[in-house]
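Inspection log for the structure reproduced underneath, given as structure tokens.
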Amino acid sequence: NVAYFADFNTFPNPVTNLLNIVFEPYQSASYQFMMYNTLGQLVKSSPAQLFDARPQETSLDCSDLDGGIYWLVLQSEDGIRMQRKIIVQK
């Protein structure tokens, strides 16, 4: 079973503190969010959490990240979806 997402959006962009993440998985599964810098280094992650197949909203605290471009990865048990984010430190 490959997990697909009906929706995967983030706001605000650029972000200073909390990055809001809205997504809708097609199936219930365990999902984890990870943030990578442009060197491919993992700089932030959330614990894997079970989400139902319905619209979901969560947030990721980015206030401790340096300004720059990062890759936000939404990883499920079966698939990965990425979106580039610009993080602006206060």
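What's counted below: heavy atoms across the whole structure, side chains too, no hydrogens, waters or symmetry copies.
F23 has its side chain out of reach of N9: every pair of non-hydrogen atoms, C-beta onward, lies at least 4.5 Å apart. Using a 4.5 Å cut-off on side-chain heavy atoms (C-beta onward), L18 and L60 make no contact. Within the 4.5 Å cutoff, side-chain heavy atoms of L19 are placed close to those of M35.
Rounding to the nearest 0.5 angstrom, the gap separating the OG1 atom in T10 from the CG atom in N20 is 9.0 Å. Rounding to the nearest 0.5 Å places OG of S46 at 9.0 Å from CG of L74. For the atom pair CH2 (W71) and OG1 (T38), the distance works out to 10.5 Å, reported to the nearest 0.5 Å. Rounding to the nearest 0.5 Å gives a distance of 13.5 Å between OH of Y26 and OG of S76. The line from CD1 of I69 to CZ of R84 is 5.0 Å long, rounded to the nearest 0.5 Å. Taking CD1 of I87 as the reference point, atom CG of N17 lies at 10.5 Å (rounded to 0.5 Å).
Scanning for salt bridge (Lys or Arg N to Asp or Glu O under 4.0 Å) contacts around K44 gives D64, with sequence neighbours left out. Applying the ring-ring contact (aromatic ring centres under 6.0 Å, His included) criterion to Y70, with sequence neighbours excluded, gives no partner residue.
Taking the six-membered ring where tryptophan is involved, the planes of F33 and F8 are essentially parallel, since the angle between them stays under 30° and well short of 60°.
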Next on the checklist: With side chain to side chain contact (heavy atoms under 4.5 Å, CB included) as the criterion, how do F11 and V22 come out once you've worked through the C-alpha distance, each side chain's angles and the decisive distance to 0.1 Å?
Outcome noted: CA-CA 9 Å; F11 63 92; V22 177; 3.6 Å; yes
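Although no hydrogens or angles enter the test, the distance criterion places no donor-acceptor pair under 3.5 Å between the side chain of D52 and the main chain of R54. Checked by atom type and distance alone, the side chain of Q75 never pairs as donor or acceptor with a backbone atom of Q32 at under 3.5 Å.
In terms of heavy atoms, Q27 sits closest to Y31 at O-OH, 3.1 Å. Here the closest heavy-atom approach between residue S28 and residue A53 is recorded as OG-N, 3.2 Å.
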